[in-house]
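Report on the structure given below.
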Amino acid sequence: MPPPNVTARAHLGHGSTYTPMDVATRYHRMLGDNADWLPGTDHAAIATEAVLVRELAAEGKSRESLGREKYLEIAWQWSKETGGTIFEQFRALGFGPDWQRSHFTMDERLSAAVRKVFVALYRDGLIYRGKRLVNWDPVAHSTISDAEVEHEDRDGVLWRIRYPFSPNEAAGIEIATTRPETMLADVAIAVHPKDKRYKNFVGKSVLVPPLLERSIPIIADESVDPEFGTGAVKVTPAHDATDYEIGLRHNLPMPSVLDLDARITGDEIGVGKYGGMMREEARAAIVSDLRNKKLLAEEQPYRYAIATSERTGAVVEPLLSLQWFVMMKPLAEPALQAYRDGRVRFVPERYGRTFEQWLENIRDWNISRQIWWGHQLPVWYTDDGSVVVAETEEEARKIARAERNTDRLTRDPDTLDTWFSSGLWAFTILGWPERTPELEHWYPSQVLMTGWEIIFLWVARMVMLGLRFMGDVPFKDVFVAPLVFDMQGRKMSKSLGNVIDPLDLVEKYGADAFRMGMLRQLRLESQEVRFNESRCLEARNFNNKIWNALRYITSLPEELPPAMALPDTDRLSLADKWILTRLNETVIRISRALDGYDFGLAAETIWNFVWYEFCDWYLESTKDANAQPTRAAVLSFVLNHAMRLLHPIAPFITEEVWLALPHDGESIVTASWPDIAEIPRDVASAGIFEALRRKVEEIRNLRSEMGLPPRERVRVAVPASVPDTTASLLATLAVAEVEAAPSRDGTPEQALAEITAHAPAETLRARYKKEAGRLTAEVERGERKLADQRFVANAKPEVVAKEREKLQGYRKELERVLKMLAEMERTK
RNA sequence: GGGCGGUUAGCUCAGUGGGAGAGCGCUUCCUUGACACGGAAGAGGUCAGUGGUUCAAUCCCACUACCGCCCACCA
């Protein structure tokens, strides 16, 4: 189970990803596999801390005013209080993971594992500390990883600004920028080395507006695009990734003018009156001053991508900062190999290519966070600034004493990125680093199911860290569930007011109906579900249908035989054989769908079987006296099986119904998955029944079109040609209005004849004329096709044969209809 | 800039190289001894457009249009 945020509440996304997990677990448990679904919660550092800090602020308090110890005490208490909610909700949704084995990423044992991994990676040289440009979230007051940055197109302005050669001089160089507030930290102007326009500028200096107090060089760098803007760009290494690279190449200073609140600061370099302004405020002030000083050459509307924080929505600030990183290339290589070898497989496959591309272009992972709620880095510093990395403080002291001859250590206040600990989830929850029986048995697991938004954040990291520390992939399959949107395809969000609470749906329709309603909307290849609540209503009706079928069966006068007892095959009626054959085929189809993670197809298949085959046709057929000898056994047998097929999807109603029927065992939860070897199959008889069914439909159609009320029933007899001595009648299905006493038994043809005998002549004639037209067109189409030598020569023989058969059928039908029309003309 | 989905009945969506489907909605009929949260029947679609491959294309290929998503340091 991907661990939900400990403080989260269930949302529809859990419905689309966790319901399949529950279905898969229940299915495999019924198959007799040693299936386990391991639950847990995640401390979700940034999200949790953001809420906590906000709540503290409302009370006029802050992290700092409380102090770290007190703050963490409150955080723990809070996570314990709210931590149970999501699991209570999961229970209400019918999820049945192995609650006994639940874990929390901040459990002491898991935290120890986190420290162990950190130390191991550090000693292997894969974790390092360095001053790099990182993503700063000024609201969360922390760095965030690249994977947590979202890019969003917004309307902005592209300013063209002139940097003069000297004060009070018009001549200078023009650059284009979207971020004038960072120009206070400019250290150069860059042009492309081959740009003729600026050839003579390189090497000269200009003054940085609007203060015009600092002089910076004009340099040449390949990364500048001469086509964009003016072809000259300001270089601000501390506040832009490209500029940072330029800065490194040209060995430029990298002053920063933004503090951790994204406020202008002049600590490193003069910023004049702008010091203390927020970045937006400073931008407005600077633009206005540039305009007054006639240094603003142009401003044009411009749409460009800005980076925002996934968690807080704040505009992310590139910031030059001393942080901890994981070197990713050595970890990514084995993961790529595992994917290419097929040791990790994605369903749908296309996500595998995304995974591969991401790993190929991976960059080092910034793992230190400036928040308090989380795993504090197992890193200490001596007074002289040397670094000690150890699993415990005790050990750190030992090392410090031995290597640095000091006792004075200060622990790094930063915590680890949440995904560092959840990246270990696949093996820490099984007891790692102990070689527990669970770890031996369940690692690697069969499948991870998740939404595609965390393939990079989580899945990729689990694969990399699993390979590193367990020597094997953490799971063989990754099933990627679609994301849930509203009916208009919009994300569900509080601000849009389109959020649907799954618990409300459970309240309205029941958990089974919610699950079925959700699953029926999942499509294997689809990347999104536009959630349609009416599917839950339909599913509620479906459950009602099942309940009533049970009522019918249990109210039969006959006694229900023991579970799994079926009459001898030669006593079974045609309808019995048909429904058993259909059940047999349905078991195969549902098993295949579930094996391929196609939960939508599995749901649709059981739905169609129960409603449109079992209830609409088989159950109806048993209302005839001729069906009585075998119906109790077959009805109970089929419904018992259908409940087992449905159980993974709808655990509650299936338990009730199954218990109310003859059954073996205590609970359907531990019942076995239906075995097709125990379900008699007779394709030939089923085919005859199907043909009869079509005839019955035709009779109904005719009756309905003729406007004949369905009061009287006509039995449709099995044709004498059917080699089935015990075949009963397909009874009470076809109905015809007759003035004279109807023949109560007969072939479908006789039934049709009876109806036509009593139908209004004009209506009947119109119908047959229409029918004749349709059939004529079909016959012509078939004739044309078969006359085409290229078709006969090239098409597969069975296709040609089928076409011949069809044509013959149409001709026969047409002949019959034309004969009837002729008959009507004569008797008119 | 790169990559990936989607476009089928009024709505939400299945589907297949050879006779266009479901549910809801709509129309008509049915209070028949499981169920009106039900049953029966019906109307409704040049399967986004153009071109190609093929005996045959809604399905395969190319391009176009529109919708959506992911990745990306063009100021």
Side-chain angles (χ1 to χ4, degrees), chain A residues 133 146 150-151 158-159 175-179 182 190 223-225 227-236 240-246 302 304-305 307 318 348 350-351 353-354 357-358 361 452-453 455-456 482-483 485 487 489-490 509 513 520-521 523 525-532 534-535 537-556 600-601 604 607-608 612 615-616 619-620 623 697 700-705 707-713 732-733 735 778 781-782 785 788-796 798-800 802-803 806 809-810:
Chain A
L133 204 64
D146 293 342
E150 289 184 333
H151 295 274
L158 184 66
W159 287 276
I175 59 96
T177 183
T178 55
R179 299 210 57 194
T182 64
S223 71
V224 180
D225 176 5
E227 304 294 315
F228 188 89
T230 62
V233 61
K234 72 190 196 66
V235 180
T236 323
D240 182 272
T242 312
D243 294 5
Y244 176 72
E245 298 294 327
I246 296 175
Y302 186 60
Y304 60 103
R350 64 173 184 277
Y351 292 112
R353 291 190 291 276
T354 316
Q357 281 166 20
W358 188 75
N361 300 307
W452 51 257
E453 78 280 16
I455 285 182
F456 308 136
L483 293 187
F485 295 89
M487 289 267 278
R490 301 172 304 177
Y509 310 110
R520 279 218 307 151
Q521 296 181 69
R523 295 301 152 192
E525 290 293 328
S526 183
Q527 64 182 18
E528 67 169 47
V529 171
R530 295 191 175 193
F531 188 79
N532 189 343
S534 75
R535 290 305 187 94
L537 177 76
E538 293 164 26
R540 195 261 331 241
N541 296 350
F542 176 69
N543 292 335
N544 186 58
K545 189 82 180 171
I546 292 171
W547 191 253
N548 282 300
L550 173 72
R551 281 183 44 196
Y552 171 76
I553 295 171
T554 52
S555 68
L556 290 173
L601 181 62
E604 203 65 40
W607 179 291
N608 290 337
Y612 305 118
C615 289
D616 282 354
L619 190 147
E620 286 303 323
K623 289 175 180 175
E697 276 168 345
R700 286 173 176 173
N701 169 312
L702 193 62
R703 182 210 69 219
S704 178
E705 277 192 30
L708 301 173
R711 286 269 153 83
E712 289 291 332
R713 298 180 194 167
T732 71
L733 297 172
V735 185
E778 290 289 2
R781 197 192 59 80
K785 209 160 182 183
D788 186 345
Q789 281 313 306
R790 291 175 311 174
F791 170 69
V792 181
N794 293 310
K796 279 180 281 184
E798 59 264 35
V799 171
V800 180
K802 198 180 160 199
E803 200 62 42
K806 264 160 48 183
Y810 285 133

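Lettering follows sequence order; numbering is per chain, from 1. Side-chain atoms are counted along with the backbone in the values below, which use heavy atoms only and exclude waters and symmetry mates.
Annotation: of the two residues near RNA chain B, A/Ala549 and A/Glu525, the 5′-most nearest-nucleotide partner is A/Glu525. Both A/Asp788 and A/Val224 sit near RNA chain B, but only A/Asp788 has its closest nucleotide nearer the 5' end.
Only the P atoms considered, B/rG17 is 16 Å distant from B/rG6, to the nearest whole Å. One P atom belongs to B/rA14, the other to B/rC29, and the distance between them is 35 Å to the nearest Å. Of the C1' atoms belonging to B/rG15 and B/rC59, the separation is 9 Å, rounded to the nearest Å. Rounded to a whole angstrom, the distance from the P atom of B/rU58 to that of B/rC47 is 7 Å. B/rC35 and B/rU27 are spaced 24 Å apart, taking the C1' atom of each and rounding to whole Å. Distance noted for atom P between B/rG23 and B/rG3: 41 Å (whole Å). For B/rA56 and B/rG51, the P atoms lie 16 Å apart once the distance is rounded to whole Å. Atom C1' of B/rU31 sits at a distance of 23 Å from the matching atom of B/rC26, rounded to the whole Å.
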I need a per-nucleotide contact map over nucleotides 36-43 of chain B, read 5' to 3'. Cutoff is protein heavy atoms under 4.0 Å; write B for the base, S for backbone only, - otherwise. -BSSSSSS
Going 5' to 3' through nucleotides 69-74 of chain B, assign each nucleotide B (protein heavy atom under 4.0 Å from a base atom), S (under 4.0 Å only from sugar-phosphate atoms) or - (no protein heavy atom that close). SSS-BB
Protein within reach of the bases, or only the backbone? For nucleotides 14-20 of chain B, mark each nucleotide 5' to 3' as B, S or -, using heavy atoms under 4.0 Å. S---BB-
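Scanning for side chain to side chain contact (heavy atoms under 4.5 Å, CB included) contacts around A/Asp225 gives A/Glu227, A/Phe228, with sequence neighbours left out. With sequence neighbours excluded, the residues satisfying salt bridge (Lys or Arg N to Asp or Glu O under 4.0 Å) with A/Asp146 are A/Arg363. For A/Ser223, the side chain to side chain donor-acceptor pair (under 3.5 Å) criterion is met by A/Asp221, not counting sequence neighbours. Considering only residues two or more places apart in sequence or on other chains, A/Arg353 meets the side chain to side chain donor-acceptor pair (under 3.5 Å) condition with none of them. Looking at residues two or more places apart in sequence or on another chain, you find a salt bridge (Lys or Arg N to Asp or Glu O under 4.0 Å) between A/Arg523 and A/Glu604. A/Tyr552 meets the side chain to side chain donor-acceptor pair (under 3.5 Å) test with A/Thr622; sequence neighbours excluded. The salt bridge (Lys or Arg N to Asp or Glu O under 4.0 Å) test applied to A/Lys806 returns A/Glu803, not counting sequence neighbours. A/Arg350 is linked by a side chain to side chain donor-acceptor pair (under 3.5 Å) to A/Glu525, counting only residues two or more places apart in sequence or in another chain.
The line from CD of A/Gln789 to CG of A/Asn794 is 10.5 Å long, rounded to the nearest 0.5 Å. In this structure, CZ on A/Arg535 lies 4.5 Å from CZ on A/Arg520, to the nearest 0.5 angstrom.
With hydrogens and angles left out, the side-chain atoms of A/Arg551 and A/Asn548 include a donor and acceptor closer than 3.5 Å.
Between the C1' atom of B/rA34 and the CZ atom of A/Arg551 lies a distance of 6 Å, rounded to the nearest Å. Straight-line distance from the CZ atom of A/Arg790 to the P atom of B/rU53: 13 Å, rounded to whole Å. Here B/rG2 presents its P atom at 13 Å from CD of A/Gln357, a figure rounded to the nearest Å. Rounded to whole Å, the distance from CG on A/Asn608 to P on B/rA22 is 11 Å. Across the protein-nucleic acid pair, A/Arg353 atom CZ and B/rG3 atom C1' stand 10 Å apart, rounded to whole Å. Distance A/Ile246 CD1 to B/rA75 C1': 9 Å, rounded to the nearest Å. What separates CG of A/Leu483 from C1' of B/rC4 is a distance of 14 Å, to the nearest Å. The distance from atom CH2 of A/Trp607 to atom C1' of B/rC24 is 11 Å, rounded to the nearest whole Å.
One N or O on the side chain of A/Gln521 and one on the backbone of A/Asn532 form a donor-acceptor pair closer than 3.5 Å.
Contact check for A/Ile175 versus A/Val233: no side-chain heavy atoms found under the 4.5 Å cut-off. The closest side-chain heavy-atom distance from A/Leu483 to A/Gln527 is not below 4.5 Å. Inter-residue side-chain proximity for A/Trp547 and A/Asn543 is flagged as unmet; no heavy-atom pair is nearer than 4.5 Å.
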Which nucleotides of RNA chain B pair, in dot-bracket form (Watson-Crick or G-U under 3.5 Å, | meaning another strand): (((((((..((((....[..)))).(((((.......))))).....(((((..]....))))))))))))....
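Residue A/Thr177 is classed as a sugar-phosphate contact, given heavy-atom separations below 4.0 Å to backbone atoms only.
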